[in-house]
Amino acid sequence: MSIKAALFDLDGVIVDTAKYHYLAWKRLASELGFVFTEKDNERLKGVSRMRSLEILLEVGGLLGRFSDEEMAEMAARKNEWYVQYISKMDESEILDGTVECLKGFRALGVKTALGSASKNAMLILGNLKLTPYFDAIIDGTKVSKAKPDPEVFLLGAKEVGVDPKDCVVFEDAQAGIEAAKNAGMKAIAIGKPEDLSGYDKICKGLHEVDPEEVINM
Ligand code: B16
Ligand code: MG
């Protein structure tokens, strides 16, 4: 067995929070006077909150028009709406196969960690009752460099005491796959081959993952 730790992205792998991010960003765009589409929202997946705001403003042709204070206020306003949506989440929103996968790795003696860009990860995991399934939780409050920088995954590996080369990352965003590879880890992409590249293996979701097979990658 070569894999000793499994690191999981949150949004798009364990839960579909992208729809709530979208509702909140769309509301901000509407207050600013432009339409933000679901296709535009694809560009925000795996991207930090402030970078997401810059992309949103670029879509609306408003990038560069606001001060740092105004940018911070808009990001906070979006986050308030987002938190209202995710506060209502429960276990029914856990994506298929997640619990089986986490339990399966642990039964094989593999450590589990979360590696998410979100500053709201603890709230989401708490609502989904998934916190106890992780040996380490690294989220947007603990890192300063966004994916594709490997910081979030390297910190996860360090917290569980496993060498990066013995870690596997599950990711749905291209920046996250690159972050895993930049960390020297194996990357299992969650999504469609036409949207992603540079991974070691691709699956439609965690329900397709067999931990016994993964540990011998
Ligand atoms: P927050 P992940 C990412 O989560 C989302 O994919 C991305 O859309 C979001 O902007 C980012 O978290 C920051 O989230 O505003 O809650 O801090 O995919 O890294 O789990
Ligand atoms: Mg993601």
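Just follow the structure's listing: the first ligand is 1, and inside any ligand the first atom is 1. Because the structure is predicted, anything quoted here is derived from the model rather than measured. Any value given below was found using the heavy atoms of this structure, including those in side chains, with hydrogens, waters and symmetry copies removed.
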Original post:
Between Leu23 and Tyr82, does a side-chain contact (heavy atoms from CB on, under 4.5 Å) hold up when you go through it step by step?
Top reply: CA-CA 8 Å; Leu23 286 175; Tyr82 177 66; over 6 Å; no
Subject >> Nearest non-hydrogen protein atom, atom 19 (O) of ligand 1 >> reply: Ala117 N, 2.7 Å
Original post:
Based purely on interatomic distance, does Gly115 place a nitrogen or oxygen under 3.5 Å from a nitrogen or oxygen of ligand 1?
Top reply: no
**OP:** Measure Ser52 to ligand 1 on non-hydrogen atoms and call it side chain, backbone, both or neither using the 4.0 Å cut-off.
**Re:** side chain
Original post:
Should Lys103 and Glu100 count as an ion pair when the cut-off is N to O under 4.0 Å?
Top reply: no
Subject >> Enumerated ligand 1 atoms positioned under 4.0 Å from heavy atoms of Lys119 >> reply: 1 (P), 16 (O), 17 (O)
Subject >> Name, closest N/O/S atom of Asp172 to the Mg ion (ligand 2) >> reply: OD1
Original post:
Is there a donor in the side chain of Glu178 and an acceptor in the side chain of Gln174, or the other way round, less than 3.5 Å apart?
Top reply: yes
**OP:** Test Lys4 against Asp163 for salt bridge (Lys or Arg N to Asp or Glu O under 4.0 Å), laying out the working first.
**Re:** CA-CA 8 Å; Lys4 298 187 176 67; Asp163 196 292; over 6 Å; no
Original post:
Numbering the atoms of ligand 1 from 1, which are under 4.0 Å from a heavy atom of Lys147?
Top reply: 19 (O)
Original post:
How about Met74 and Leu56: do any of their side-chain heavy atoms sit closer than 4.5 Å?
Top reply: no
Original post:
Taking 2.8 Å as the cut-off, does an N/O/S atom of Glu171 lie below it from the Mg ion (ligand 2)?
Top reply: no
**OP:** Indicate the atoms forming the closest heavy-atom contact of Ser52 with Trp25, along with that distance.
**Re:** CB-CZ2, 3.4 Å
Subject >> Residue, atom name and distance, where the atom is the protein heavy atom closest to atom 7 (C) of ligand 1 >> reply: Val47 O, 3.3 Å
Subject >> Interatomic spacing from CG in Asp9 to CD1 in Ile188 - rounded to 0.5 Å >> reply: 13.5 Å
Original post:
Parallel, tilted or perpendicular: which describes the rings of Phe170 and Phe8, with under 30° parallel and over 60° perpendicular?
Top reply: parallel
**OP:** Just jot down the ligand 1 atoms closer than 4.0 angstrom to any heavy atom of Leu44, in number order.
**Re:** 7 (C), 8 (O)
Subject >> Close N or O approach (Tyr82, ligand 1; < 3.5 Å) >> reply: no
Original post:
If you check every N/O/S atom of Asp9, which is the one nearest the Mg ion (ligand 2)?
Top reply: OD2
Original post:
Relative to the Mg ion (ligand 2), which of the N, O or S atoms in Asp11 is the closest?
Top reply: O
Original post:
Ser116 heavy atoms, cut-off 4.0 Å: which ligand 1 atoms fall inside?
Top reply: 2 (P), 4 (O), 19 (O), 20 (O)
